[in-house]
Amino acid sequence: MENTTTTISSDFIRTIISEDAKSNKNNGKVATRFPPEPNGFLHIGHAKSICLNFGIAKEFGGTCNLRFDDTNPSKENVEYVESIKKDVKWLGFDWEDRMFYASDYFERIYQYAVELIKRGKAYVCDLTQEQIREYRGTLTEPGKDSPYRNRTIQENIDLFERMKKGEFPDGSHVLRAKIDMASPNLVMRDPVIYRIKHEYHHRTKNEWSIYPMYDFAHCLSDSIEGITHSICTLEFEINRPLYDWTLDTLEVKCHPKQIEFARLNLSYTVLSKRKLIELVDANHVKGWDDPRMPTIAGLRRRGFTPESIRNFCQRIGVAKRDSLVDLQLLEYCIREDLNRIAKRVMAVIKPVRVVIVDYPENQVEDMEAINNPEDPSMGTRKVPFSKILYLEKDDFQENPPKKWFRLAPNQEVRLRYAYYITCREVIKDEETGEIIELRCTHDPETRGGGSKDGRKVKGTLHWVSAQHALKSEVRLYENLFLKSESNELDNDLNPKSIEIIKDCYVEQSLANSKIGDLYQFERQGYFCVDHDSKEDNLVFNRTVTLKDTWAKIEKSQK
RNA sequence: UGGGGCGUCGUCAAGCGGUAAGACACAGGAUUUUGGUUCCUGCAUUCGGAGGUUCGAAUCCUCCCGCCCCAGCCA
């Protein structure tokens, strides 16, 4: 995997790990894991975790496992497993032969539960869900012991075995760790570690009627895999005592160190799985890979590169304080990458017909255009020029404001790689007053876009030749949400998050573009070919606009 | 009101007792056949607040204030 940024990032997690490595803890080995639950698509927040876990493993010469935390069959399925694998790979990371599932360990985890019972540290409880809640107490009051807390070991073993055999209905019994109902940490008040679920599991099928809870399965899975550092997000900090209690009580050989960091929040979007699922289910977006989604699949379809996302993850850093990262940083990262690699091309999104009145009727000239000024090795291409063109409607104003460099009556501008032209006449629809055609003259001495007399032309406009251009569809995206934070699906969705424009014209050379190809439409932004694109109807997604200094000037003039 | 965590520029984020890195954003200016890119310049006398220790504190101590997480048989 290439990485052009060589900055050595040092965050508190890397500091801890490097100290452990130096003191030869775990024999100097470093083993991490990325443990998604396959109940949704990965998003940019997961990318932060992926970059962290795989990144650390690589930096310390260790390993990072991919492990599906599939302990709840009611929420998980294979579609999500496949999407997660695809996304991690696409981001540029490799778990080699280390792809695991918590469900791989169900038998061992079960045996650990039996062991816990034998050590007098777990019991089968018959309280209902509501009763368990009541017995748990509150934040300020201690809980009270379950009447089933002191069953004999034999009784517990028998009951737990019958739970496993499927003799009891869902919800009738649970296995609980016997810890301390008065603990100020609610997680430690005899947490449920196994529940009955007569449910089909996407991997173990109908083999199990009981499934371990996260707190029990996760630490043991880590331990089984020989993980040295178990990195998770802040909300699990409160679960750490239970993580440690379980491994200590069972006296396992491998006891990983859990370290928590702050999850990513990004402005103008949502990153909670609940809200993301809701967006998809309520059809606010067209699926998990809708280009407006902050999912890896959405970003990929939008035109983001893995490199730009990795770079973003490096720039945001890792710490323990809650934060809200500015979406503009993500945009900066993708512009930075695309500026380097995207082929320049001309496309007119909102066209106005322009006739060069003094240009020969049937003449066509091939103008030479540079493919990428940042990378001369990308070469040049020919762009056909002729008498009738399309220009961007917004590049003309009849009564231009101050500092307007673009086309206006009697104002000369340069057509990129072509000629200087001057607008002589504005043709309007007699009824609507809408501008339907601009008539311009050109200076034949300026072929290619330069003049011998050194005369200055302030504006340079993109254009396409009407008879050569390809009619195509462009989808413009804006932020999915209106507010920088705390967005709710009911009121805060941006109604203008997508604008589909069907009558766009792109230059001829785009005819053989392929799905996923990335371009810069000069002066407008970066675009990629969507997978809805067909040979006779090209579809482009706008990844991000170019920085627009004029828009700022215009805004400040108002 | 119990417990756990966190507070350094608009947003991220270094800093770990020796006198506030960097990035994004923002504001100027230069170059430019993309009002793009690039390049300069500016942008925290101050680190949630108040005391204290010290020759010296963002860093140590005390108290206070604010924000986040926990009462799923979710993860």
Side-chain angles (χ1 to χ4, degrees), chain A residues 7 9-11 15 35-37 39 69 71-72 74-76 125 127-129 132-134 136-143 170-176 183-189 191-197 210-211 213-215 217-218 232-241 260 262 267 273-274 314-333 335-336 339-340 344 346 369-370 373-374 403-406 414-418 420 446 448-450 457-462 484 520-525 545-554:
Chain A
T7 324
S9 61
S10 173
D11 49 71
T15 303
E37 183 189 12
N39 69 340
D69 217 337
T71 56
N72 186 354
S74 18
K75 293 188 171 181
E76 299 148 5
C125 182
L127 256 24
T128 65
Q129 201 165 162
I132 286 182
R133 190 183 311 129
E134 284 159 27
R136 188 154 31 221
T138 68
L139 293 178
T140 50
E141 306 155 37
D170 287 11
S172 58
H173 303 267
V174 290
L175 184 69
R176 294 228 251 167
S183 170
N185 181 350
L186 302 249
V187 170
M188 299 297 271
R189 318 242 261 227
V192 171
I193 57 177
Y194 260 93
R195 75 292 216 184
I196 299 171
K197 265 180 190 280
I210 53 172
Y211 293 92
M213 298 285 289
Y214 165 85
D215 283 304
H218 197 88
C232 62
T233 44
L234 241 35
E235 67 270 26
F236 292 102
E237 201 150 29
I238 195 165
N239 299 59
R240 194 171 69 224
E260 311 86 10
S267 61
K273 220 166 219 180
R274 194 209 95 218
Q314 202 212 71
R315 283 169 190 271
I316 57 177
V318 181
K320 291 196 75 161
R321 67 183 84 106
D322 293 319
S323 61
L324 179 68
V325 174
D326 196 334
L327 185 64
Q328 286 183 105
L329 181 60
L330 218 210
E331 294 185 343
Y332 172 85
C333 290
R335 286 192 187 109
E336 177 188 49
N339 177 52
R340 260 178 35 223
R344 270 59 168 175
M346 291 196 284
I370 294 165
E374 306 296 318
K403 293 186 186 168
W404 178 260
F405 297 168
R406 281 109 102 144
R414 171 168 38 236
L415 294 184
R416 178 140 236 228
Y417 303 126
Y420 291 3
T446 58
V457 170
K458 285 176 289 185
T460 300
L461 309 184
H462 61 277
S484 65
Q520 183 194 103
F521 287 2
E522 290 216 32
R523 304 206 308 129
Q524 311 205 79
T545 61
L546 250 31
K547 265 176 66 182
D548 191 348
T549 306
W550 168 247
K552 275 183 197 167
I553 296 170
E554 211 177 17

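These figures come from a predicted structure and were not determined experimentally. Numbers restart at 1 for each chain; the letters A, B, ... are given by sequence-line order, proteins then strands.
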Could you tell me whether [X] contacts a base, only the sugar-phosphate backbone, or nothing, with contacts defined as non-hydrogen atoms closer than 4.0 Å?
X      : value
A/N39  : nothing
A/P373 : base
A/K552 : sugar-phosphate
A/E374 : base
A/V192 : sugar-phosphate
A/Q129 : base
A/Y417 : base
A/V457 : nothing
A/L175 : nothing

So which protein nitrogen or oxygen atoms get under 3.5 Å of nucleotides 69-71 of chain B's nitrogens or oxygens?
from	atom 1	to	atom 2	distance (Å)
B/rA71	O3'	A/R136	NH2	3.4
B/rA71	O2'	A/R136	NE	3.3

Closest to the [X] side chain, choosing from [options]:
X      : options                : result
A/E237 : B/rG35, B/rG5, B/rA75  : B/rG5
A/I132 : B/rC73, B/rU1, B/rG35  : B/rC73
A/K197 : B/rU34, B/rC26, B/rC74 : B/rC74
A/T460 : B/rG35, B/rA75, B/rA25 : B/rG35
A/E522 : B/rA25, B/rU34, B/rG72 : B/rU34
A/R195 : B/rC6, B/rC73, B/rG35  : B/rC73

Side chain proximity check, [X] to [Y], heavy atoms < 4.5 angstrom:
X      : Y      : result
A/N339 : A/E374 : yes
A/N239 : A/H218 : no
A/I196 : A/S172 : yes
A/T71  : A/E37  : no

- [ ] Scan A/K273, A/E76, A/K75 and name whichever one has a side-chain hydrogen bond (donor to acceptor under 3.5 Å, both in side chains) with A/N39.
- [x]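 That would be A/K273; it is the only one of A/K273, A/E76, A/K75 passing the side-chain hydrogen bond (donor to acceptor under 3.5 Å, both in side chains) with A/N39.
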Output the rounded distance in Å from [atom1] ([X]) to [atom2] ([N]).
X      : N      : atom1 : atom2 : result
A/Y211 : B/rC74 : OH    : C1'   : 15 Å
A/Q314 : B/rC24 : CD    : C1'   : 14 Å
A/K75  : B/rC74 : NZ    : P     : 7 Å
A/K320 : B/rG15 : NZ    : P     : 15 Å
A/I193 : B/rG72 : CD1   : C1'   : 16 Å
A/L415 : B/rU34 : CG    : P     : 13 Å
A/F405 : B/rG35 : CZ    : C1'   : 6 Å
A/N72  : B/rG72 : CG    : P     : 16 Å

Below 3.5 Å between N/O atoms, which protein atoms pair up with nucleotides 9-12 of chain B? Just atom names and distances, please.
from	atom 1	to	atom 2	distance (Å)
B/rU11	O3'	A/L324	O	3.0
B/rU11	O2'	A/L324	O	2.8
B/rU11	O2'	A/D326	N	3.4
B/rC12	OP1	A/L324	N	2.6
B/rC12	OP1	A/L324	O	3.4
B/rC12	O5'	A/L324	O	3.2
B/rC12	O2'	A/I316	O	2.8

TODO: Please check if any side-chain donor atom of A/R416 sits under 3.5 Å from a side-chain acceptor atom of A/T460, or the reverse.
DONE: no
Rounded distance in Å between the [atom1] positions of [N] and [M]:
N      : M      : atom1 : answer
B/rU1  : B/rA71 : C1'   : 15 Å
B/rU11 : B/rA25 : C1'   : 7 Å
B/rC61 : B/rU54 : P     : 15 Å
B/rA58 : B/rG52 : P     : 15 Å
B/rC6  : B/rG10 : P     : 23 Å
B/rG48 : B/rG7  : P     : 8 Å
B/rA50 : B/rG2  : P     : 26 Å
B/rA20 : B/rU46 : C1'   : 7 Å

Task: Side chain A/R344 and base B/rU34 donor-acceptor under 3.5 Å - done: yes
Open item on the list: Does A/Q520 contact B/rU34 through a side-chain donor or acceptor facing the base, at a distance under 3.5 Å?
Closed with: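 Indeed there is one.
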Does [N] pair with anything, Watson-Crick or G-U wobble, both distances under 3.5 Å, and if so, with which nucleotide?
N      : answer
B/rC39 : B/rG29
B/rC63 : B/rG49
B/rG56 : none
B/rG2  : B/rC70
B/rC24 : B/rG10

TODO: Flag as yes if A/Y214 stacks onto the base of B/rA75 (centroids under 5.5 Å, planes under 30°), otherwise no.
DONE: no
Just N and O in the side chain of [X]: are any of them under 4.0 Å from OP1 or OP2 of [N]?
X      : N      : answer
A/K547 : B/rA25 : no
A/T71  : B/rA75 : yes
A/Y332 : B/rC24 : yes
A/R523 : B/rG35 : yes

Open item on the list: A/I316 and side chain to side chain contact (heavy atoms under 4.5 Å, CB included): which single residue from A/L329, A/L330, A/D326 fits?
Closed with: A/L329
Open item on the list: If the glycosidic angle sits within 90 degrees of zero it is syn, else anti. Tell me which applies to B/rG17.
Closed with: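 The base of B/rG17 is oriented anti (glycosidic angle more than 90° from 0).
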TODO: For A/H462 and A/Q524, work out which heavy atoms get closest and say how close.
DONE: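 Here A/H462 and A/Q524 meet closest at NE2-NE2, 3.4 Å.
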- [ ] Return the minimal non-hydrogen interatomic distance between A/N185 and A/P241, and the atom names on each side.
- [x]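 Taking A/N185 first and A/P241 second, the nearest heavy atoms are ND2-CG, 3.7 Å.
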Open item on the list: If you assign each of A/R335 and A/R406 to its closest nucleotide in RNA chain B, which residue comes earlier from the 5' end?
Closed with: A/R335
Open item on the list: Given 3.5 Å as the limit, does a donor-acceptor pair link the side chain of A/R189 with the main chain of A/S183, or not?
Closed with: yes
Open item on the list: Does the plane of the ring in A/F236 sit parallel, tilted or perpendicular to the ring in A/Y214? Use 30° and 60° as the thresholds.
Closed with: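 Tilted: the ring planes of A/F236 and A/Y214 meet at 30° to 60°.
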